[in-house]
Amino acid sequence: MARRIPDHLHPNPAVVAIWRVVAALPKGQVTTYGAIAERAGLGRSARQVGYALRIASPDLQLPWHRVVGAGGRLSLPREGEAYQQQCRRLSAEGVVVNNGRVRLAQSTSLDALLWGRQRC
DNA sequence: TCGATGACCTCTA
DNA sequence: ATAGAGGCCATCG
């Protein structure tokens with residue numbers, strides 16, 4: 001699951017710390033940028049999380065799609081390619097994406113099947 | 001050194 | 001529910 005991220009992959013320790021936290025996110029669970037910053041020991045530097053994900057190499061295979069904005073809002077341009085991919089990958093994990101929003105905190109797999117009209 | 005720039009967040013109106 | 005203003009903070013040119 002939580003794949004290890006070597007220190008030498010990036011000179012900035014904060015970036016590596018963020019990658020580690022993201023890599024540890026369980027499948028089907030979503031969190032916010034702010035929460036990740038907190039867990040990485042960066043306080044309110046939520047923007048750093050966005051930065052770290054943006055510069056991350058695809059080779060890392062980070063589950064970046066499990067990271068959303070506050071209130072469960074997808075924080076990517078809706079017209080972009082990345083947005084579509086995030087929607088699909090979340091849906092594939094049973095996370096309901098409704099009009100650019102996901103259910104934070106609750107989001108059990110059960111009502112995912114009941115509520116789930118995957119409108120990406 | 002400094003202003004611009006975000007895959008952000010919170011509070012108002 | 002939506003929009004705008006401010007705040008935040010590391011990076012970048």
Side-chain angles (χ1 to χ4, degrees):
Chain A
M1 263 319 192
R3 54 174 296 159
R4 289 165 41 254
I5 311 279
D7 290 333
H8 61 77
L9 279 185
H10 195 277
N12 188 336
V15 167
V16 178
I18 291 170
W19 287 347
R20 289 224 174 90
V21 173
V22 173
L25 288 177
K27 179 167 76 170
Q29 167 147 43
V30 296
T31 21
T32 66
Y33 293 88
I36 295 220
E38 203 79 32
R39 270 176 62 176
L42 302 177
R44 303 162 206 73
S45 301
R47 302 192 100 126
Q48 267 317 264
V49 177
Y51 169 74
L53 290 183
R54 187 171 62 82
I55 68 171
S57 162
D59 301 324
L60 290 178
Q61 308 255 15
L62 289 180
W64 57 268
H65 56 280
R66 312 206 253 248
V67 184
V68 301
R73 275 180 288 276
L74 299 202
S75 189
L76 283 80
R78 305 189 66 145
E79 59 274 8
E81 186 62 33
Y83 179 91
Q84 294 297 328
Q85 194 175 19
Q86 182 169 32
C87 263
R88 275 195 293 270
R89 288 171 111 173
L90 284 176
S91 299
E93 296 183 0
V95 178
V96 178
V97 184
N98 194 342
N99 196 25
R101 296 288 242 17
V102 304
R103 290 188 160 213
L104 240 33
Q106 309 137 30
S107 88
T108 61
S109 52
L110 197 145
D111 42 322
L113 295 174
L114 301 178
W115 271 81
R117 36 198 157 88
Q118 307 289 337
R119 188 192 323 165
C120 287

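The figures here come from the full heavy-atom set of this structure, side chains too, leaving out hydrogens, waters and symmetry mates. Letters go in sequence order (proteins before strands), and every chain restarts at 1.
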Can you confirm whether A:His65 sits close enough to A:Val95 that some side-chain heavy atom of one is under 4.5 Å from a side-chain heavy atom of the other?
no
Nucleotides 9-13 of chain B: which of its N/O atoms have a protein N/O under 3.5 Å away?
{"residue": "B:dC9", "atom": "OP1", "partner": "A:Gly34", "partner atom": "N", "Å": "2.9"}
{"residue": "B:dC9", "atom": "OP2", "partner": "A:Ala70", "partner atom": "N", "Å": "2.7"}

Residue whose nearest DNA chain C nucleotide is more 5′ - A:Arg101 or A:His10:
A:Arg101
Pairs touching residues 42-55 of chain A that satisfy salt bridge (charged side-chain N to carboxylate O under 4.0 Å, His left out), sequence neighbours left out
none
Check whether A:Arg39 reaches the backbone of A:Val21 with its side chain - one donor and one acceptor, N or O, closer than 3.5 Å.
no
So, do A:Tyr51 and A:Ile18 sit near enough that their side-chain heavy atoms are less than 4.5 Å apart?
no
Test item: A:Gln86 and A:Val68 side chains (from C-beta on) under 4.5 Å apart, heavy atoms:
yes
Please state the P separation for the pair C:dG6 and B:dA7 - nearest whole angstrom.
22 Å
Here the distance between atom P of B:dG6 and atom CG of A:Leu76, to the nearest Å, is 13 Å
Validation row: A:Arg78, A:Asn99 side chains within 4.5 angstrom (heavy atoms):
yes
Between the protein and nucleotides 6-10 of chain C, are there any N/O to N/O pairs under 3.5 Å, and if so, what are the atom names and distances?
{"residue": "C:dC8", "atom": "N3", "partner": "A:Arg47", "partner atom": "NH1", "Å": "3.2"}
{"residue": "C:dA10", "atom": "O4'", "partner": "A:Gln48", "partner atom": "NE2", "Å": "3.1"}
{"residue": "C:dA10", "atom": "O3'", "partner": "A:Gln48", "partner atom": "OE1", "Å": "2.8"}

Decide yes or no on side chain to side chain contact (heavy atoms under 4.5 Å, CB included) for A:Leu76 and A:Gln84, but give the supporting numbers first.
CA-CA 9 Å; A:Leu76 283 80; A:Gln84 294 297 328; over 6 Å; no
Rounded to the Å, how far apart are A:Ile18 CD1 and B:dA7 C1'?
12 Å
Within a radius of less than 6.0 Å around CZ of A:Arg89, do more than 12 heavy atoms belonging to other residues, nucleotides or ligands occur?
yes
Between B:dT5 and C:dC8, how far apart are the C1' atoms? Round to whole Å, please.
13 Å
